[in-house]
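Quantities reported herein were computed from a predicted structural model and do not represent experimental measurements. Here, residue 1 is the first one in the sequence, and each next residue gets the next number.
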Amino acid sequence: MALHSFFLCSLLTISLSFHRIAAVEYYVINDAATTPGGIRFNNKIGIPFTKEIMRTINNFIWSAVFQQNDPSDQKQVDSVHTYIVEFYEASGLEWGNNINISSIFIEGLEGDLKWHFKGLMYHEMTHVFQWDGEGTTPSGLIEGIADYTIIAANYPALGFADPGDGDRWDAGYAVTARFLEYCDGIVPGFVAKLNKMMRFTYDVKYFADLTGKPVDQLWREYKAKYGG
């Protein structure tokens, strides 16, 4: 009886874990298949690889970055669609549960294409699953958290900001990401805790609530640490 119960519990655990992982469907559409970047995507990166890393990145964001092992803490997303599209405005853009990746960006990539592509996907996938205070969180912090995921996954590309770079904590992207990395060193799990606090609204005092210091003081101490 005990062995039978253990077996049923094990199956239930596996089933629940699989359900959480499989709850999100991943789709990849190459709408630039005849362009140089689109052709390069098909030949060097591919749809199967992209779907695979979308699932891997999704679970990394939930478990390692936002520490949302309870599904009730996670943003409820049924599917994520990645489109390879010919546009010049950026390397990638997220809107809702959709991600546009520029075929122009892919065309110009040098070195390990899959490595650079995966780094970009860490950023864009974070946007899909992060909380933004229902639109009240400043864009610089939103972009900084997305780039923080790149740091957490050890995927910073050449030219990524170094610790101590920048003039403002909310400059966004890698500058803010490095500052968040510093805050995470003060309070383990800082980014996860901050993200949770921003589920419904945002207030700059969240930095003080978590660290005991206002964000401007944290920034001054961060800059001083790196000789700024």
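Aromatic ring pairs are classed by plane angle as parallel below 30°, tilted from 30° to 60° and perpendicular above 60°; the pair Tyr122 and Tyr155 is tilted. Using cut-offs of 30° and 60° on the angle between ring planes, the pair Tyr222 and Phe179 is perpendicular. Between Phe117 and Phe41, the two ring planes are tilted [angle within 30° to 60°].
Shortest non-hydrogen contact noted between Trp131 and Gln68 is NE1-NE2, 3.4 Å. Here the shortest heavy-atom pairing between Val77 and Val24 reads O-CG2, 3.2 Å. Between Asp184 and Tyr148, the closest heavy-atom pair is OD2-OH, 3.1 Å. Looking at every heavy atom in both residues, Thr176 comes nearest to Gly172 through OG1-N, 2.7 Å. Here the closest heavy-atom approach between residue Glu86 and residue Ser103 is recorded as CA-OG, 3.2 Å. Shown here for Ala152 and Val65, the closest heavy-atom pair between the two residues is CB-CG2, 4.3 Å.
Looking at Met54 and Val80, their side chains come closer than 4.5 Å, going by heavy atoms from C-beta outward. Looking only at side-chain heavy atoms (C-beta outward), Leu141 and Leu194 come within less than 4.5 Å of each other. Side-chain contact between Met125 and Ile99 is present, with heavy atoms from C-beta onward closer than 4.5 Å. The closest side-chain heavy-atom distance from Tyr206 to Met198 is below 4.5 Å. Using a 4.5 Å heavy-atom cutoff, the side chains of Trp95 and Asn100 are in contact. A heavy-atom distance below 4.5 Å is found between the side chains of Ile57 and Lys118. The closest side-chain heavy-atom distance from Trp62 to Gln67 is not below 4.5 Å. Residues Phe49 and Val28 fail the side-chain proximity criterion, which asks for heavy atoms closer than 4.5 Å.
Under the 4.5 Å side-chain heavy-atom criterion for ILVMFWY residues, no single connected hydrophobic cluster contains both Phe87 and Ile84. Taken together through direct or relayed side-chain contacts under 4.5 Å among Ile, Leu, Val, Met, Phe, Trp and Tyr, Tyr27 and Ile53 form parts of separate hydrophobic clusters. Both Ile106 and Ile47 sit in one connected hydrophobic cluster of ILVMFWY residues. Membership requires side-chain heavy atoms under 4.5 Å apart, directly or through other members. Ile145 and Val215 fall within a single hydrophobic cluster, where Ile, Leu, Val, Met, Phe, Trp and Tyr are joined by side-chain heavy atoms under 4.5 Å apart, directly or via other members. Residue Val191 is grouped with residue Leu210 when hydrophobic side chains (ILVMFWY) are merged at heavy-atom distances under 4.5 angstrom, including chains of intermediate members.
Other residues, nucleotides and ligands contribute only 12 or fewer heavy atoms inside 6.0 Å of the NZ atom of Lys196. Remark: Asn154 CG is loosely packed, at most 12 non-hydrogen atoms of other residues, nucleotides or ligands lying under 6.0 Å away.
For Asn59 (side chain) and Arg55 (main-chain N/O), a donor-acceptor pair under 3.5 Å exists by modelled atom type. In this structure, Glu94 contributes its side chain and Gly96 its backbone to a donor-acceptor pair below 3.5 Å. Lys75 places a side-chain N or O within 3.5 Å of a backbone atom of Gln130 that can act as its donor or acceptor partner. Proximity of a side-chain donor or acceptor of Asp162 to a complementary backbone N or O of Asp165 within less than 3.5 Å is not detected. At least one donor-acceptor pair under 3.5 Å links the side chain of Lys223 to the backbone N or O of Gly166. With His116 contributing its side chain and Glu110 its backbone, the two residues share a donor-acceptor pair below 3.5 Å. Looking only at distances, a side-chain donor or acceptor of Gln76 sits under 3.5 Å from a matching main-chain atom of Pro71. Between the side chain of Asn42 and the backbone N or O of Ile39 there is no donor-acceptor pair closer than 3.5 Å.
The OG1 atom of Thr211 lies 9.0 Å from the OH atom of Tyr182; values are rounded to the nearest 0.5 Å. How far CD1 of Ile104 is from CD of Glu89: 10.0 Å, rounded to the nearest 0.5 Å. In this structure, the separation between SG on Cys183 and NZ on Lys193 is 12.5 Å, given to the nearest 0.5 Å. Taking CG of Asn195 as the reference point, atom CE of Met197 lies at 11.0 Å (rounded to 0.5 Å). The NZ atom of Lys44 sits 11.0 Å away from atom CG of Asp112, with the distance rounded to the nearest 0.5 Å.
Contact check on Asp170 versus Arg168 returns a salt bridge, with a Lys/Arg side-chain nitrogen under 4.0 Å from an Asp/Glu carboxylate oxygen. In summary, Arg199 and Glu134 do not engage in a salt bridge, as defined by a charged side-chain N under 4.0 Å from a carboxylate O.
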| Evaluation steps, side chain to side chain contact (heavy atoms under 4.5 Å, CB included), between Tyr83 and Asn98 | CA-CA 8 Å; Tyr83 300 91; Asn98 301 289; 3.7 Å; yes

| field | Stepwise side chain to side chain contact (heavy atoms under 4.5 Å, CB included) test for Trp169 and Val204 | value | CA-CA 12 Å; Trp169 75 266; Val204 71; 4.2 Å; yes

| task | Evaluate the side chain to side chain contact (heavy atoms under 4.5 Å, CB included) criterion for residues Ile151 and Leu180: first the C-alpha distance (whole Å), next the side-chain angles of each, then the deciding distance (0.1 Å), finally the verdict. | result | CA-CA 10 Å; Ile151 295 174; Leu180 293 173; over 6 Å; no

| query | Going through the distances and angles, do Phe207 and Phe190 end up as a ring pair (Phe, Tyr, Trp, His ring centres under 6.0 Å)? | reply | CA-CA 9 Å; Phe207 283 83; Phe190 175 86; 5.5 Å; yes

| Run the side chain to side chain contact (heavy atoms under 4.5 Å, CB included) check on His81 and Tyr26 step by step: do they pass? | CA-CA 6 Å; His81 296 73; Tyr26 308 97; over 6 Å; no

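Residues Tyr202 and Asp132 bring no donor and acceptor atom of their side chains to less than 3.5 Å of each other. Side-chain contact of Glu143 with His123: a donor-acceptor pair under 3.5 Å is present, judged by distance alone.
Between Tyr173 and Phe160, the distance from one ring center to the other does not fall under 6.0 angstrom.
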